[in-house]
Chemist: 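Structure provided below as structure tokens; questions to follow.
Each chain gets a letter, A, B and so on, in the order the sequences are listed, and its residues count up from 1.
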2 protein chains.
Amino acid sequence: MPASACVNSTRSPTIGYMVVSVESVAERAGVSVSTVSRALRSVPGVSMETRKRVQAVADELGYAASPAASRLATGRTMTVGIVVPVLAKWYFGKVVGEATHALREAGFDVLLYELATPGQRQRFFATVQLYGRTDGVIIIALQPSREELESLASQGQAVALLGAESSAAGSVSVDNVAAGLAAVRHLLNLGHKRIAFVGIRDEEGSNLGGVPPLQRLRGYREAMAEAALAQEDVLEQFDENSVAGGAAAISRLLVLKQPPTAAFVASDEMAFGVLKVLRQTGLAVPRDFSVLGFDNHELCDVVGLTTMDHEVAEQGQDVARLLLDILHGGHPAVLSRSARLVVRETTGPPRALRTIPTGPDSPHSAEHFGDL
Amino acid sequence: MPASACVNSTRSPTIGYMVVSVESVAERAGVSVSTVSRALRSVPGVSMETRKRVQAVADELGYAASPAASRLATGRTMTVGIVVPVLAKWYFGKVVGEATHALREAGFDVLLYELATPGQRQRFFATVQLYGRTDGVIIIALQPSREELESLASQGQAVALLGAESSAAGSVSVDNVAAGLAAVRHLLNLGHKRIAFVGIRDEEGSNLGGVPPLQRLRGYREAMAEAALAQEDVLEQFDENSVAGGAAAISRLLVLKQPPTAAFVASDEMAFGVLKVLRQTGLAVPRDFSVLGFDNHELCDVVGLTTMDHEVAEQGQDVARLLLDILHGGHPAVLSRSARLVVRETTGPPRALRTIPTGPDSPHSAEHFGDL
DNA sequence: CTGAAAGCGCTTACAG
DNA sequence: CTGAAAGCGCTTACAG
């Protein structure tokens, strides 16, 4: 190769693209590869002048260090994994999008792991997946067991959880018990007595639920107990977290001998299904039935769904920041957020109270709209 | 190290997790590292017996080859990048989820690139991002320029496009012109004459639009021309691809001196916004106004939105398969899908035709429901 | 501030 | 079928 050929352009017979290595840059800049490496990574101990010259040559040649080589040499991947049950749901897409943004901002690549089935989850944790691939991992809406967390640790992973808790990892979660309580209190204040809970069922060990849905149920039960209302199993219906699941659950509730007059639904998507069935059944909302969802899904506004907002975008940013802190040597932190009620148009007093505003059966009638 | 210590357990002072290398496996299995490497990757030239023994030892030790080292040695990353404008929209989440699934199934990792702003897009293409990081990239809803594609090629990337076309890459797209035509014909057949188009505006070069929305507009225009209907600029309204954007667009249409009686909306999310405003304005759908969307968003069913389905899940699988084909040495293929009308409850004959079913002004009245 | 050299952990001709 | 050795392209003590 002639001395003037500074770019070490290797053309493989099959591939055929150009590779620029440290050596090319070093050669043209008239320094050693060590200096190039140091100059380009802003490592102290390089004169300003040299740094600039090297940078200029690198830019000119379009040089970028081979990630594989850097990783092998440093042991750091500058990559974070995100584990999520499913992407095509608004909550998960939002959270992953926000986390990804924060991570890339901080110079990390993000590797996506969609664990939609119990089998996928099992395989993920049963084999060495992350070692050498990522420096840390964000796990969304999955409660890893102690063994699973240990496996991740043995693979050198920092871990941050969203919607799950553990003493061994950073975590951000929402106070779902309090949120459930607040949601049901809103319905109680409106005068409802037969209030149903529509929850998320973990389909044969599927990962779509996690802990939060269970906490929302606890909040519901606490609120009912607080109001000294009988709790009937039949008023708690569980199904998959989808429009269809919500539709199925409300259908089961409507055929009860004593159907409820309101429902607290553990996710907005299920609540959309509830609304759909209500509409098809000819029941007016909220005149005949009140519906309260959870998430503050971006489409709530379209159908006027009253819901619990838990700052989904912020959750994604938080969990990314938490992981970055750990990666930067900090201790795993635990963050908790609270949800707030967003009243729209699907909740109101029960029918009975509308016709007999201050009858003896409605002691709360004066304060029905207290929180509207 | 005593001979019995077969696991090369390096404990770094700061990190402190265990690393199992080829050498550990080789030592314990009583073979060379070359043999371990070959045995574990099913490379021909290893006896069945040796292969099994090595495999057993590897399993026992929990060995997994260091990706960085493999990549450096082979030059292949076994990783694919997915570039998407935004994850938190149903269409993109769905497509990315499906593609990711197919890719991981084929043994590839997936790296996520969310390019939400023109600045991010520009930066992505202006610098060497993918070289050594991925073997190929799937680009969704972005039309890369020739230079951008050349840059990717020079970084050794195979590329597959979704919702864009190029002779230099594999691509899957939908015949959006035909879809737009079919959508508007449906409205024409119902008897509408003043039909609006609500389209996606590329916010100052944002990437959220791409080519498909423009093709839908072309389909609209062709259908209007076909019906010999005057095309007024004012009937074409563009806004951002969101509920708010749709709401803004329909608001502008409703204040026209001669407002339309129907709208073909380039995305379901915008159509949801249209529906919302219509409801707030007190206009009944479809009695007073017909709305036809695009995507067959999973929530269409909830509000009864008539729309164009373009098999979103399949698009994601297709584009992944296309890229895998190229990665396996195949030629870049071009796939085209067609959309189909899904009639629900937001489209019907215009008000005039309902009151005067067979008046002189409604020549199509007999066939209004022909395609329902 | 700079450079020569070892080493990161694999894969793969090459030789046997 | 198996092994010794070179090489992938960086980074980083170490020496100057």
Chemist: Nearest to the B:Thr74 side chain among C:dC10, D:dT11, C:dT11, which nucleotide is it?
Modeler: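 Shortest atom-to-atom distance from the side chain points to C:dT11.
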
Chemist: Strictly below 4.0 Å: does B:Arg41 bring a side-chain N or O up to OP1 or OP2 of C:dT12?
Modeler: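 Result: yes.
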
Chemist: So, under a plain 3.5 Å distance rule, would you say the side chain of B:Arg38 forms a donor-acceptor pair with the base of D:dG3?
Modeler: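 It does, because a donor-acceptor pair links the side chain of B:Arg38 to the base of D:dG3 below 3.5 Å.
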
Chemist: Ignoring backbone atoms, test whether A:Ser66 places a side-chain nitrogen or oxygen under 4.0 Å from the OP1 or OP2 oxygen of D:dC10.
Modeler: no

Chemist: Under a 3.5 Å cutoff, is there a donor and acceptor pairing between the side chains of A:Arg71 and A:Thr79?
Modeler: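 Yes.
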
Chemist: Looking at A:Arg71, does any N or O in its side chain come under 4.0 Å of the phosphate oxygens OP1/OP2 on D:dT11?
Modeler: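 For A:Arg71, the contact criterion (side-chain N or O under 4.0 Å from OP1 or OP2 of D:dT11) is not met.
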
Chemist: Is the closest side-chain donor-acceptor distance between B:Ser37 and B:Ser34 under 3.5 Å?
Modeler: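 Looking only at side-chain atoms, B:Ser34 and B:Ser37 do not form any donor-acceptor pair under 3.5 Å.
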
Chemist: Out of the candidates B:Glu105, B:Glu98, B:His101, only one should pair with B:Gln317 under the side chain to side chain donor-acceptor pair (under 3.5 Å) rule; please name it.
Modeler: B:Glu98

Chemist: Does C:dG9 have OP1 or OP2 sitting under 4.0 Å from an N or O in the side chain of A:Tyr131?
Modeler: no

Chemist: More 5' along DNA chain C: A:Val33 or A:Thr50, using each one's nearest nucleotide?
Modeler: A:Thr50

Chemist: Pairing check on C:dA13: which nucleotide meets the Watson-Crick or G-U wobble criteria with it, both distances under 3.5 Å?
Modeler: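 Check on C:dA13: unpaired, no WC or wobble geometry under 3.5 Å.
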
Chemist: Given D:dG9, C:dT12, C:dG3, identify the nucleotide with an atom nearest to the side chain of A:Ser34.
Modeler: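 Given the options D:dG9, C:dT12, C:dG3, the side chain of A:Ser34 is closest to C:dG3.
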
Chemist: Round to the nearest Å and state the distance from B:Leu72 atom CG to D:dC8 atom C1'.
Modeler: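 Atom CG in B:Leu72 sits about 4 Å away from atom C1' in D:dC8.
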
Chemist: Is there a side-chain contact between B:Ser37 and the phosphate of C:dC10, meaning an N or O under 4.0 Å from OP1 or OP2?
Modeler: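 Answer is no, no contact under 4.0 Å.
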
Chemist: Please determine, for the side chain of A:Ser21, which listed nucleotide (D:dG3, D:dC10, C:dT12) has the closest atom?
Modeler: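 In terms of side-chain proximity for A:Ser21, the closest of D:dG3, D:dC10, C:dT12 is D:dC10.
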
Chemist: Out of D:dA4, D:dC10, C:dT12, which has the shortest distance to the side chain of A:Tyr63?
Modeler: D:dC10

Chemist: Could you tell me whether the phosphate oxygens of D:dA4, OP1 or OP2, come under 4.0 Å of any side-chain nitrogen or oxygen in B:Ser32?
Modeler: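 For D:dA4, OP1/OP2 do not have a side-chain N/O of B:Ser32 under 4.0 Å.
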
Chemist: Is there a donor in the side chain of B:Glu147 and an acceptor in the side chain of B:Ser151, or the other way round, less than 3.5 Å apart?
Modeler: no

Chemist: Please state how far atom CZ in A:Arg76 lies from atom C1' in C:dC8, giving the value in whole angstrom units.
Modeler: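 About 16 Å, once rounded to whole Å.
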
Chemist: Under the criterion salt bridge (charged side-chain N to carboxylate O under 4.0 Å, His left out), I'd like the reasoning laid out for A:Arg28 against A:Glu60: C-alpha separation, chi angles, the key distance, then a yes or no.
Modeler: CA-CA 10 Å; A:Arg28 179 184 271 246; A:Glu60 180 190 344; 2.5 Å; yes

Chemist: C:dT2, D:dT12, D:dC8: which one has an atom nearest the side-chain heavy atoms of A:Val46?
Modeler: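 For A:Val46, the side-chain atoms sit closest to C:dT2.
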
